[in-house]
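Read the structure below first, then the notes.
A quick note: this is a predicted structure, and the numbers were derived from the prediction, not measured.
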Amino acid sequence: MKEKTKGRKRHIITDIMGNFLCINVHVANIHDTKGGVFTFEKALFYYPSIEGVCANSAYKKHFRNIFEEFHNLKVNISERLTSTFTVMPKRWKVKHTSSWLCHSRCLSKDYEIRTIYAETIVIISHLYTLLCRF
């Protein structure tokens, strides 16, 4: 079954070292908050020992409602960025991991027809980046 919309959104969950725990690629017509919540629920399924989450301020309402109340997790929401440069602890790990993915030529365009194939290509690209480090 081919998805009809153009464009993809990638939501990634990383550990504190910047390694993938979970990824979700979905079509662009799904809102970010729904995609992010689904991705973190998927990560909780694979890694039930997760004790907390750091997220962007866009996920503030949904993450606090779902994960603090129902899953008893500590949710740390980073505040909005200011016009001056300030270091945001832990947040830069996800941004750094996303920038590593930009080096893969196969991720520059949406060549894959299905989102499951796009997720696989992202995982392969991240594995290649990890192998090149050593």
Side-chain angles (χ1 to χ4, degrees):
M1 180 175 160
K2 183 177 178 182
E3 289 108 3
K4 300 289 183 186
T5 61
K6 293 187 176 187
R8 301 275 192 262
K9 289 184 182 177
R10 296 182 189 115
H11 294 277
I12 61 173
I13 307 290
T14 64
D15 62 1
I16 57 172
M17 293 179 56
N19 300 317
F20 275 137
L21 294 180
C22 185
I23 183 164
N24 183 26
V25 177
H26 60 82
V27 292
N29 61 357
I30 297 174
H31 197 269
D32 287 341
T33 55
K34 291 180 183 177
V37 167
F38 176 74
T39 307
F40 193 68
E41 286 176 345
K42 189 174 160 183
L44 277 176
F45 177 76
Y46 290 126
Y47 305 99
S49 62
I50 293 176
E51 296 178 357
V53 59
C54 296
N56 192 331
S57 61
Y59 301 108
K60 183 177 189 175
K61 180 180 176 184
H62 295 290
F63 271 49
R64 288 235 166 103
N65 290 343
I66 294 172
F67 299 114
E68 276 188 351
E69 292 178 13
F70 297 117
H71 295 288
N72 258 352
L73 293 173
K74 184 169 55 169
V75 178
N76 183 7
I77 302 293
S78 61
E79 300 300 321
R80 283 192 87 91
L81 297 176
T82 60
S83 59
T84 61
F85 177 77
T86 57
V87 176
M88 303 295 284
K90 299 178 190 172
R91 181 179 175 167
W92 69 273
K93 290 292 186 179
V94 175
K95 298 291 184 185
H96 195 67
T97 304
S98 296
S99 69
W100 289 337
L101 295 176
C102 293
H103 295 292
S104 296
R105 184 179 177 140
C106 58
L107 295 176
S108 65
K109 304 282 185 224
D110 291 328
Y111 295 116
E112 293 77 27
I113 296 172
R114 299 187 57 146
T115 55
I116 190 73
Y117 301 147
E119 287 180 12
T120 306
I121 293 296
V122 170
I123 292 169
I124 291 170
S125 172
H126 186 69
L127 287 173
Y128 177 75
T129 303
L130 290 176
L131 288 173
C132 286
R133 284 187 191 171
F134 295 109

Side chains of Val27 and Arg8: does their closest heavy-atom pair fall under 4.5 Å?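 When only atoms from C-beta onward are counted, Arg8 and Val27 do touch, with a gap below 4.5 Å.
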Mind checking the CZ-CD1 spacing from Phe40 to Ile13? Nearest 0.5 Å is all I need.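 Here the interatomic distance stands at 6.0 Å.
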Going from NE2 on His26 to CD1 on Ile116, what distance comes out if it is rounded to the nearest 0.5 angstrom?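 The NE2 atom of His26 sits 13.5 Å away from the CD1 atom of Ile116.
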For [X] versus [Y], what's the shortest heavy-atom pair and its separation?
{"X": "Lys42", "Y": "Ile23", "result": "NZ-O, 3.0 Å"}
{"X": "Tyr47", "Y": "Leu21", "result": "CE1-O, 3.2 Å"}
{"X": "Asn19", "Y": "Asp15", "result": "N-OD1, 2.8 Å"}
{"X": "Glu119", "Y": "Asn24", "result": "OE2-OD1, 3.4 Å"}

Quick check: does any side chain N or O of Thr39 sit under 3.5 Å from a backbone N or O of Gly35, one acting as donor and the other as acceptor?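 A pair under 3.5 Å: yes.
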Ile123 and its side chain to side chain contact (heavy atoms under 4.5 Å, CB included) partner, picked from Leu127, Thr120, Ile121: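 Only one option passes, and that is Leu127.
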Determine whether Tyr46 and Phe38 fall in the same hydrophobic cluster, where Ile, Leu, Val, Met, Phe, Trp and Tyr are linked whenever their side-chain heavy atoms lie under 4.5 Å apart.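 Each belongs to a different hydrophobic cluster.
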